[in-house]
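Since the structure comes first, as structure tokens, the remarks are kept for the end.
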Amino acid sequence: MRIVDARVIVTCPGRNFVTLKIVTDEGVTGVGDATLNGRELAVASYLRDHVVPLLIGRDPARIEDTWQYLYQGAYWRRGPVTMSAIAAVDTALWDIKGKVAGLPVYQLLGGRSRDGVTVYGHANGETVEDVLVEVARYVDLGYRAIRVQCGVPGLPKTYGVSADKLFYEPADAALPSEATWSTARYLAHVPTVFARVRDEFGPTLRLLHDVHHRLSPIEAARLGRSLEPYALTWMEDPVPAELPEGFRLIRQHTTTPVAVGEVFNTIWDAAQLIREQLIDYIRTTVVHAGGITHLRRIFDLAALHHVRSGSHGATDLSPVCMAAALHVDLAIPNFGLQEYMRHTDATDEVFPHGYHYADGYLHPAETPGLGVDIDEQAAARYPYAPAYLPVNRLEDGTVHPW
Ligand code: CS2
Ligand code: MG
């Protein structure tokens, strides 16, 4: 079998997605997600201009060899653009391998390690009262784990808090919008939110919180300590993660578990955090961390060090990425949680998929391959529209990590 075509499809059914579709001479096709929020066209060009020509004529069965060829062969390694492009190729090749074998991809990864993939949803609101309503909504839907984000009094807008519920789009403007951040106001407010949520929903519901990299290590340590009475499942991205040493300070001060890695692209971004057991959950996912092949490598390293998976699953990760992530989640021994932000109806129409939600779990399709596709005619109805994530500034105007 040989690859005869590879199409890069850019579409915007409510938000931008980049998808690679690989076609073989025997008519078997595979899809991979290549979406990089706010930088979509850079990955599309990397694929079209620099990767697709290398794929034509290759044997699609050689997944590991193709990964190494694209990674080592390029000389320029790592980085979100490169790794999202490699991820798309790798994911599509796993899809093809599953179809050729007549098996869902999780069977090729070793088969089921569990009955379903436990997911968490996003409960968010401007006020604590709004948050309680949203948490109740997720509980009613059967969710076993819920991320809680709340507006901060005195700040006009808070990242992760949206008028849309069940899904929302943080990339909200054709040029980046700007928000204001105050660490003092935030640190004072968050524990009061979790106190109310615990009061209403009891001690056993799994609760999570995303800090979006906005604190320094000692501030994050203080937040973690102040949240200890509310027994969070994780505190996510407490500090910018370029400096792994920063996590040592957090660890020295708090037992609140730490999750990190949605912006990581390779095992080397995560290796020190994992080896030193500075984190509890690693949040890399298929599209931004080099595909199924490389993600599995990261999760295997994590398994050796008591670190569980907690893959990113916001709306900017397409149903193709979600489908692929679910096969990995089902197979690995050290699965923790899977983020699940639902997609819009328009996105679901462009990406017909067989995975489904039931009673707090996601289940991948049982059909051969990944069980997801792209409807290219539907995709063509939604042309690319520039959209960026917001930029954060402190009250004095300083640009601050978002
Ligand atoms: C968030 C995302 O889902 C999450 O955990 O951090 O909203 C993230 O900011 C976006 O996916 C960025 O593209
Ligand atoms: Mg996050």
Side-chain angles (χ1 to χ4, degrees), residues 12 14-18 33-43 80-81 83-84 87 119-124 134 138 143 145-150 157-173 176-177 179 181 186 190 206-215 220 223 232-241 257-265 269-270 279-289 309-322 325 336-344 347 362 386-392 400-402:
C12 186
R15 70 147 5 268
N16 293 311
F17 293 110
V18 180
D33 184 18
T35 308
L36 183 60
N37 202 356
R39 298 291 185 272
E40 294 88 357
L41 298 185
V43 189
V81 175
M83 299 311 291
S84 300
V119 296
Y120 71 88
H122 288 206
N124 70 85
E134 291 305 312
Y138 280 95
Y143 280 75
I146 300 171
R147 182 183 107 160
V148 173
Q149 307 293 129
C150 187
K157 207 174 159 214
T158 308
Y159 189 80
V161 177
S162 159
D164 295 327
K165 305 300 175 193
L166 291 179
F167 48 76
Y168 62 85
E169 190 42 70
D172 59 1
S177 61
W181 177 256
Y186 171 76
V190 177
R206 298 178 75 180
L207 298 175
L208 300 77
H209 180 67
D210 193 343
V211 186
H212 292 110
H213 311 104
R214 292 208 177 92
L215 302 177
L223 176 66
L232 266 59
T233 294
W234 78 46
M235 167 172 82
E236 174 177 334
D237 288 341
V239 294
V258 175
V260 77
E262 67 180 49
V263 300
F264 290 173
N265 314 119
D269 298 326
I279 58 173
D280 302 279
Y281 295 88
I282 178 71
R283 283 185 39 77
T284 41
T285 193
V286 174
V287 55
H288 300 136
S309 75
S311 286
H312 190 199
T315 38
D316 50 302
L317 290 80
S318 91
V320 176
C321 176
M322 180 57 79
L337 278 176
Q338 169 67 54
E339 181 179 10
Y340 176 43
M341 226 217 243
R342 289 161 192 251
H343 287 108
T344 62
T347 299
L362 273 176
Y388 290 92
L389 291 165
V391 171
N392 245 328
H400 192 64
W402 56 277

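Just follow the structure's listing: the first ligand is 1, and inside any ligand the first atom is 1. These numbers were taken from a predicted model, which means no experiment stands behind them.
Restricting D210 to its N, O or S atoms, the one at the least distance from the Mg ion (ligand 2) is OD2. Closest to the Mg ion (ligand 2) among the N, O or S atoms of E236 is OE2.
Under a 4.0 Å criterion applied to the non-hydrogen atoms of H312, ligand 1 contributes the atoms 2 (C), 3 (O), 4 (C), 8 (C), 10 (C), 11 (O). For ligand 1, the atoms lying closer than 4.0 Å to a non-hydrogen atom of N37 are 12 (C), 13 (O). Heavy-atom proximity to E262, at under 4.0 Å, picks out these atoms of ligand 1: 1 (C), 2 (C), 4 (C), 5 (O), 6 (O), 8 (C), 9 (O). Atom numbering of ligand 1 starts at 1 in the shown order; those under 4.0 Å from a heavy atom of H212 are 1 (C), 6 (O). Close contacts between ligand 1 and D210 involve ligand atoms 1 (C), 4 (C), 5 (O), 6 (O) [criterion: under 4.0 Å to a heavy atom]. Near D316, meaning under 4.0 Å from one of its heavy atoms, ligand 1 places the atoms 10 (C), 11 (O), 12 (C), 13 (O). Set against the non-hydrogen atoms of R147, the atoms of ligand 1 under 4.0 Å away are 1 (C), 3 (O), 4 (C), 5 (O). Close contacts of ligand 1 with R283, meaning ligand atoms under 4.0 Å from a residue heavy atom, involve 4 (C), 5 (O).
At least one donor-acceptor pair closer than 3.5 Å links the side chain of H400 to the backbone N or O of R214. In terms of modelled atom types and a separation under 3.5 Å, the side chain of D33 and the main chain of S318 share a donor-acceptor contact. With hydrogens and angles disregarded, a donor-acceptor distance shorter than 3.5 Å links the side chain of S309 to the backbone of G336. The backbone N or O of L317 sits less than 3.5 Å from a side-chain atom of H343, completing a donor-acceptor pair.
Classification of K157 and D172 as a salt-bridged pair holds, one side-chain N sitting under 4.0 Å from a carboxylate O. Between D316 and R15 no salt bridge is recorded (no basic side-chain N to carboxylate O distance below 4.0 Å).
With a heavy-atom cut-off of 4.0 Å, M341 does not touch ligand 1 at all.
The Mg ion (ligand 2) has an N, O or S atom of E262 inside 2.8 Å of it.
For ligand 1, the polar-atom distance check finds an N/O of E236 within less than 3.5 Å of one of the ligand's N/O atoms.
By the 30° and 60° cut-offs, the orientation of the rings of Y186 relative to H209 is parallel. Ring geometry, H122 versus Y168: the interplanar angle falls from 30° to 60°, so the pair is classed tilted.
Atom CZ of R39 has 12 or fewer heavy atoms from other residues, nucleotides or ligands within 6.0 Å.
Selection from Y120, Y340, Y159 by nearest heavy atom to atom 7 (O) of ligand 1 gives Y159.
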